[in-house]
Each structure stands twice: as structure tokens, then as C-alpha cells.
Amino acid sequence: MTQTNPFAAEPLVPSAAPRPLPALPGHLVAVALSMSVIAILLSMIGWWRSDLENDFSVWLSYVAPYWVTHLLMAGLGVYWLTSAYLERHRLAGYRQPAPLLVSYGVVYLLLSWGLGFVSGQLYMWLYELLDDQYSGRLLTSLGWSVIGLLSFCLEVLVPLWLLLQLFRRSAEVTDGDLQMAGTSLAWCFALAIMVGYLQVMGLAIELMDGAFYGFELESWAGVINLLHGGVYMLVAFFAARSALPEQVRGFRGGRLALAALITLSLWIAGALLCAIIMLVLLLVVGVSDLLLLLLFGLVQLALLWPFSRLGLRWGYRAQPVQG
């Protein structure tokens with residue numbers, strides 16, 4: 001009869017097999033986007049009834065890019081927060097998700113209407129409080145950006161987190177890390193880059209427009225900015241897809257956000273450096289401004305690929321699923 005050696009090392013217990021991401025994040029994204037579209041349609045009806053003389057191009061050039069940006073932020077934010085919440089608390093899903101989905105839809109729609117009215121009143125208050133000089137317009141633009149981000153968090157993210165907590169008693173706890181497809185993570189990363197770009201460029205356009213055009217956007221700058229963001233999103237997606245394995249262990253939303261932040265920081269720093277160099281070329285050498293703008297866009301497009309890979313390498317470090 002043999003006895004086990006009490007001094008022998010304990011055998012390693014294999015970790016639980018990774019589990020696929022539940023369907024709940026996708027369902028909540030569908031609810032958020034549906035409620036956003038309903039709110040947009042209601043806003044369009046009210047706008048047309050109150051101001052029928054406005055040209056359709058005004059809506060298309062200014063309001064439509066704002067709404068598209070909001071839809072992108074809402075879908076990405078809901079998917080990101082839900083996936084991170086399920087991973088953090090090791091939840092396989094909710095046994096009865098219908099009450100959660102219906103409650104979120106109703107709360108989302110009510111908050112969208114209420115916060116839209118409140119944010120509009122705050123913006124008018126800021127506009128009347130500050131003077132019409134450049135410093136006043138600068139503070140108004142910054143204040144409007146802060147109000148917009150705060151309204152987005154209160155409308156989309158905070159109620160979602162509270163409802164996930166409220167209905168958590170019906171959640172199923174499980175073991176094992178999430179198993180994410182590299183393609184899904186690449187899309188999350190690319191959309192985060194696009195949303196960050198749209199926020200930075202939107203603020204820059206408002207500041208420049210406020211300085212030179214009396215704070216009214218009378219061009220197609222918003223639409224062009226949105227098209228540029230779509231191109232940059234595709235570059236970031238393919239760069240991330242080439243850096244990520246087919247299947248990744250864990251979503252790790254915080255690390256993925258850090259990777260996107262590193263990429264955006266490097267990219268903005270590169271853009272500022274390129275802008276300084278091109279300004280010197282414009283003033284000293286006398287190069288055509290159109291040529292410089294084209295060159296600037298190509299350089300930014302080329303830099304996004306290595307910066308995306310660096311951001312993922314430094315901030316995320318994907319763990320592939322073995323076997």
C-alpha cells in the first residue's frame with residue numbers, strides 16, 4: 001500500500017474552460033439603439049413643426065452627424081459596460097432578461113427626453129451668461145461638451161448599471177473567463193478610436209467655428225468629419241485585427257479602454273507635431289495649403305496603424321485561448 005508524499009507539490013488544477021459572451025450585451029444594444037431612433041424621430045417631428053422654413057441641408061450638415069455620433073456612442077457604451085459587468089461579476093446572463101430590457105428601454109426614452117430639455121436650457125443659460133468675445137465662445141463650447149458627456153452618462157450608462165444591479169438576483173453565476181472573438185474586440189477598439197476622434201474634432205470644429213464664423217456651422221464640416229472618422233475606424237479595425245488572436249481570453253474592458261487611450265494620445269501628439277511642421281513649411285517655404293492638407297491627412301492615416309498596434313501592445317496584451 002503506497003502513501004502519498006506529504007511534501008510533494010500539489011497538482012495544478014486546470015482553470016475552468018472559457019465561456020462565450022452571453023447574448024445580453026447585444027440585446028441591450030438593440031434596445032438602446034431602438035430608443036435612440038425613436039427619440040430622434042420625435043425630435044425631427046418637433047423640429048419640422050416648429051421651424052418649417054429651415055433648409056433640409058442644415059439638418060443634414062449639422063444635426064445628422066450629431067445623431068450618428070450619439071448612436072455610435074450609445075451602442076458602444078452599452079456593449080462595453082454590459083460585457084465588463086458580466087465579466088467582473090462572473091455572470092453567465094440573466095434568467096429572465098425581459099424585465100431588464102423593458103425597464104432599460106422605458107428609462108432610456110424618458111431620460112432622453114428629460115435630459116435633452118435640461119441640457120438645452122443649460123446651454124442657453126451658458127450662452128446668455130458669457131459674452132460674445134472669443135473667450136466667451138470658447139467657454140460656451142467647452143461647457144456644451146461637458147454638458148453633452150454628462151448627459152450621455154446619465155442617459156445611457158448610469159441607468160444601465162443601476163438596472164443591472166437591481167435585476168442581479170436573477171443572474172446566473174458561473175466560472176471561467178469570457179472567451180471573446182478577436183474580431184469583436186477589434187471592432188470595439190476601432191469604434192472607440194472613431195468616437196474619440198469625433199469628440200476631439202467636433203470640439204475643435206466648434207472652437208474654430210466660434211472664432212471665425214459667429215458660432216454657427218454653415219458648412220459640411222460635420223459630415224466630412226464623420227466620413228474621415230469612418231475611414232480611421234477601418235484602419236484601426238484592421239490594425240487591431242492583425243494584432244489580436246482569433247480567440248481571446250477575457251474582455252478586460254478597462255485594459256481595452258487604456259489601449260484606445262494610448263493610441264489616441266500618440267495619434268494626437270503626432271498630429272500636433274505634423275501640424276507644427278506643416279505650418280512652418282507653409283510660412284517659410286510657401287508650399288500650397290491644399291497640398292499640405294492632403295499630406296497631413298495621409299500622414300495621419302499612415303500613423304494610425306502602428307499607433308494602434310502599440311496601444312494594444314502596451315495597454316491590452318491579449319491572452320489567446322489555448323487549444
Side-chain angles (χ1 to χ4, degrees), residues 18 21 25 29 68-69 71-88 145 149 152-153 156-157 177-205 225-278 295-321:
L21 183 70
V29 169
V68 172
T69 303
L71 290 174
L72 289 173
M73 291 179 61
L76 180 63
V78 168
Y79 186 88
W80 205 302
L81 176 60
T82 308
S83 301
Y85 185 90
L86 295 177
E87 181 180 48
R88 176 179 178 82
S145 299
L149 291 176
F152 171 79
C153 292
V156 179
L157 302 181
D177 297 326
L178 285 177
Q179 178 177 335
M180 298 288 299
T183 302
S184 299
L185 288 175
W187 277 121
C188 288
F189 175 82
L191 286 171
I193 296 298
M194 181 179 181
V195 167
Y197 167 80
L198 291 176
Q199 290 297 315
V200 173
M201 286 303 299
L203 179 59
I205 289 174
N225 186 35
L226 191 62
L227 294 176
H228 286 170
V231 174
Y232 295 141
M233 178 194 67
L234 292 177
V235 174
F237 167 75
F238 286 111
R241 188 63 195 89
S242 66
L244 295 171
E246 289 290 335
Q247 297 293 328
V248 182
R249 180 181 288 271
F251 177 68
R252 297 191 296 161
R255 301 293 298 185
L256 192 60
L258 177 61
L261 182 60
I262 292 174
T263 301
L264 283 172
S265 301
L266 292 173
W267 199 33
I268 292 174
L272 292 177
L273 180 60
C274 291
I276 293 174
I277 295 175
M278 292 179 182
L295 181 61
F296 179 80
L298 293 176
V299 170
Q300 284 300 103
L301 196 63
L303 288 177
L304 184 55
W305 183 282
F307 286 164
S308 297
R309 294 180 63 90
L310 281 176
L312 287 168
R313 182 184 303 173
W314 294 345
Y316 191 70
R317 295 184 182 180
Q319 302 176 3
V321 175

Using the six-membered ring wherever Trp is involved, compare the ring planes of Trp267 and Tyr197 and label them parallel, tilted or perpendicular (cut-offs 30° and 60°). tilted
Nearest atoms (heavy-atom pairs only) where [X] meets [Y]:
X      : Y      : answer
Cys188 : Phe251 : SG-CE1, 4.3 Å
Leu185 : Tyr316 : CD1-OH, 3.4 Å
Leu178 : Ser83  : CD1-O, 4.0 Å
Ala243 : Leu312 : CB-CD1, 4.2 Å
Phe189 : Ala240 : CD2-CB, 3.7 Å
Pro25  : Tyr79  : CB-CD1, 3.8 Å

Do any N or O atoms from the side chain of [X] and from the backbone of [Y] form a donor-acceptor pair under 3.5 angstrom?
X      : Y      : value
Arg317 : Arg255 : no
Arg241 : Leu244 : yes
Trp305 : Val235 : no

Give, for atom [atom1] of [X] and atom [atom2] of [Y], the distance between the pair rounded to the nearest 0.5 Å.
X      : Y      : atom1 : atom2 : answer
Asn225 : Met201 : CG    : CE    : 5.0 Å
Leu303 : Ser308 : CG    : OG    : 10.5 Å
Ile262 : Arg313 : CD1   : CZ    : 12.0 Å

I'd like to check [X] versus [Y] (side-chain heavy atoms, cut-off strictly below 4.5 Å). Are they in contact?
X      : Y      : value
Thr69  : Met73  : yes
Val78  : Val156 : yes
Ile193 : Met233 : no
Val68  : Leu198 : no

